[in-house]
**Student:** 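Let me give you the structure first, and then I'll get to my questions.
No experiment lies behind these values; they were computed from the predicted model shown. Atoms within each ligand, like the ligands themselves, are counted from 1 in listed order.
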Amino acid sequence: MKQRYLIGNLKMNILSLEEADQYLSVFRREMKGRKQSVTTTVIVPPFLYLERFRKGLPETVSLGAQDVFWEKEGSYTGEISPIMLKDMGAEYVIVGHSERRQYGRETDEEIAKKVQALLKWNLRPILCIGETAEERKEGETSSVLGAQLKGAFEGLSSLHAEKMIVAYEPRWAIGSDHVPAPEDILEAKVIIYRMIASMCGAAVAERVSVLYGGSVKANLLKQVCFDAQMDGVLVGRESLFPYEVAKISEIIENYEVTEHESTGRGI
Ligand code: PGA
């Protein structure tokens, strides 16, 4: 069975070590005794609290970081190296989040360099892609997703490409309460699959995990994850509630894919 993912992106929240400890103590209590056999749950705190989270997360939960710089070391004031992230215990790193594309003016070229650096240092990139409302209205979803994927996947070896996790996050659904229909999400998944298959081959495209992100809540999982045949979810606001993360992770872990659905999977 393909691995399922729940990524909790805490963004620029958790404003003190005390808050971090409170979060972790509730989260440990909520996760106690819950099995994680097909689900990988990853919590992604702000850089400054990585170490605290590494020490405080339940053993069944992995640690992620919210961004990275592409160079290993040097005169890059304010940046964080992949080696530092590894040293802090991070295994997953979000790149190309729409908030970084918007506020940090990050380009597909820069994101591609970050992806390469992460793979080189054996960290798993979670590449965020997605179209704006305007682009969707103009019928540009496919070309936008295609360009974002091309930058990141082009030139990767199969071994590296398979390690990628892609999060489809339509920008109009992030931080809003507009949630796409399962058909729209599945359509994006097909675009992503075809694009990766055309660059890296069908076998690689089958293995790349594709998640949905944007206003995910426990009661929407059927719509945005299971009916849309996604391999998991990337959660923003709801991940600030440790008991919600535990709840979402339990639902994902226990979801049974029926035979009918499984034949439709993999496109
Ligand atoms: P949201 O954020 O769940 O708060 O919409 C998702 C994201 O930005 O990845």
Side-chain angles (χ1 to χ4, degrees), residues 4-15 19 23 27 39-47 49 53 61-68 90 92-106 108 111 114-115 118 124-133 135-136 141 144-145 148-149 152 164-182 184-185 188-189 192 208-228 230-249 251-252:
R4 301 169 184 173
Y5 291 92
L6 161 56
I7 317 291
N9 177 10
L10 303 181
K11 305 193 180 181
M12 199 177 73
N13 297 296
I14 307 283
L15 300 182
E19 254 191 71
Y23 183 101
F27 191 46
T39 312
T40 300
T41 298
V42 184
I43 297 293
V44 188
F47 288 132
Y49 303 129
F53 272 73
V61 175
S62 304
L63 185 67
Q66 296 180 15
D67 191 27
V68 68
Y92 298 82
V93 181
I94 296 175
V95 281
H97 192 281
S98 62
E99 286 152 13
R100 295 218 51 85
R101 293 179 193 259
Q102 182 183 353
Y103 302 118
R105 299 254 165 269
E106 221 167 77
D108 286 328
I111 293 163
K114 293 181 176 190
V115 164
L118 290 174
R124 291 200 59 188
I126 302 167
L127 172 71
C128 297
I129 60 170
E131 80 285 5
T132 61
E135 288 161 345
R136 169 160 279 260
T141 302
V144 170
L145 298 184
Q148 292 173 343
L149 286 167
M164 296 287 288
I165 297 172
V166 176
Y168 170 58
E169 303 206 299
R171 280 161 81 158
W172 46 276
I174 297 177
S176 73
D177 278 315
H178 302 295
V179 181
D184 293 332
I185 301 175
K189 189 183 177 188
I192 293 166
V208 172
S209 296
V210 184
L211 320 183
Y212 169 79
S215 298
V216 176
K217 290 189 169 81
N219 64 357
L220 292 173
L221 285 174
K222 182 168 159 32
Q223 174 178 342
V224 301
C225 184
F226 309 135
D227 289 353
M230 302 303 262
D231 302 309
V233 286
L234 197 161
V235 184
R237 282 160 297 164
E238 287 291 287
S239 69
L240 297 176
F241 308 104
Y243 49 89
E244 288 298 330
V245 179
K247 188 154 109 192
I248 294 173
S249 123
I251 298 172
I252 294 181

**Student:** Okay, side chain of E169, backbone of G130: is any donor-acceptor separation there less than 3.5 Å?
**Tutor:**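 No, the answer is negative, given that no donor and acceptor are paired below the 3.5 Å cut-off.
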**Student:** For the CD1 atom of I174 and the SG atom of C128, what is their distance to the nearest 0.5 Å?
**Tutor:**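 One finds 7.0 Å between CD1 of I174 and SG of C128.
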**Student:** Is it the case that the side chains of S209 and R4 hold a donor-acceptor pair, with the cut-off being a distance below 3.5 Å and no angle test?
**Tutor:**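 No donor-acceptor contact under 3.5 Å links the two side chains.
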**Student:** Suppose we measure from atom 4 (O) of ligand 1 to each protein heavy atom; which comes out shortest, and what is that distance?
**Tutor:**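 So the nearest neighbour among protein heavy atoms is R237 NE, 2.7 Å.
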**Student:** So which protein heavy atom does atom 6 (C) of ligand 1 come closest to, and at what separation?
**Tutor:**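 Here the nearest protein heavy atom works out to G236 N, 3.7 Å.
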**Student:** Out of all atoms in ligand 1, which are within 4.0 Å of some heavy atom of S215? Include the element for each.
**Tutor:**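 Within the 4.0 Å cut-off of S215, ligand 1 contributes 1 (P), 3 (O), 5 (O).
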**Student:** Return a yes/no value for V235: is any of its N or O atoms, backbone included, closer than 3.5 angstrom to an N or O of ligand 1?
**Tutor:**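 No - when backbone and side-chain N and O of V235 are compared with those of ligand 1, no distance drops under 3.5 Å.
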**Student:** So, taking the atom named CD in E238 and the one named OG in S215, what distance separates them when rounded to the nearest 0.5 Å?
**Tutor:**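 Output value for this atom pair is 9.0 Å.
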**Student:** Find out whether Y212 and P180 are in side-chain contact, i.e. whether some heavy atom of one side chain is under 4.5 Å from a heavy atom of the other.
**Tutor:**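 Of all side-chain heavy-atom pairs linking P180 with Y212, at least one is under 4.5 Å.
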**Student:** Taking 4.0 angstrom as the limit and counting only heavy atoms of G214, give me the atoms of ligand 1 inside it, by number and element.
**Tutor:**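 That gives atoms 5 (O) of ligand 1.
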**Student:** Do L211 and M230 come within less than 4.5 Å of each other through their side chains, counting heavy atoms only?
**Tutor:**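 Not touching, per the 4.5 Å side-chain cut-off.
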**Student:** Going by the order shown, which atoms of ligand 1 are within less than 4.0 Å of some heavy atom of L234?
**Tutor:**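 Atoms satisfying the 4.0 Å criterion: 9 (O).
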**Student:** Examine ligand 1 and decide if any of its atoms is less than 4.0 Å from a heavy atom belonging to E238.
**Tutor:**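 So E238 does not count as touching ligand 1.
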**Student:** Are the side chain of N9 and the backbone of G236 linked by a donor-acceptor contact shorter than 3.5 Å?
**Tutor:**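 Checking the backbone N and O of G236 against the side chain of N9, no donor-acceptor pair under 3.5 Å is found.
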**Student:** What atoms in ligand 1 come closer than 4.0 Å to a heavy atom of G175?
**Tutor:**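 Listed by number with element: 1 (P), 5 (O).
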**Student:** Counting non-hydrogen protein atoms only, what is the nearest one to atom 2 (O) of ligand 1? Give residue, atom name and distance.
**Tutor:**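 Answer for atom 2 (O) of ligand 1: K11 NZ, 3.3 Å.
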**Student:** Nearest protein heavy atom to atom 9 (O) of ligand 1, by residue and atom, and its distance?
**Tutor:**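 That would be E169 OE2, 2.6 Å.
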**Student:** Look at the rings of Y92 and Y5 and say which category their plane angle falls in: under 30° parallel, 30 to 60° tilted, over 60° perpendicular.
**Tutor:**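 Because their plane-to-plane angle is over 60°, the rings of Y92 and Y5 count as perpendicular.
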**Student:** Any heavy atom of G213 closer to ligand 1 than 4.0 angstrom?
**Tutor:**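 For ligand 1, residue contact (heavy atoms, under 4.0 Å) with G213 is absent.
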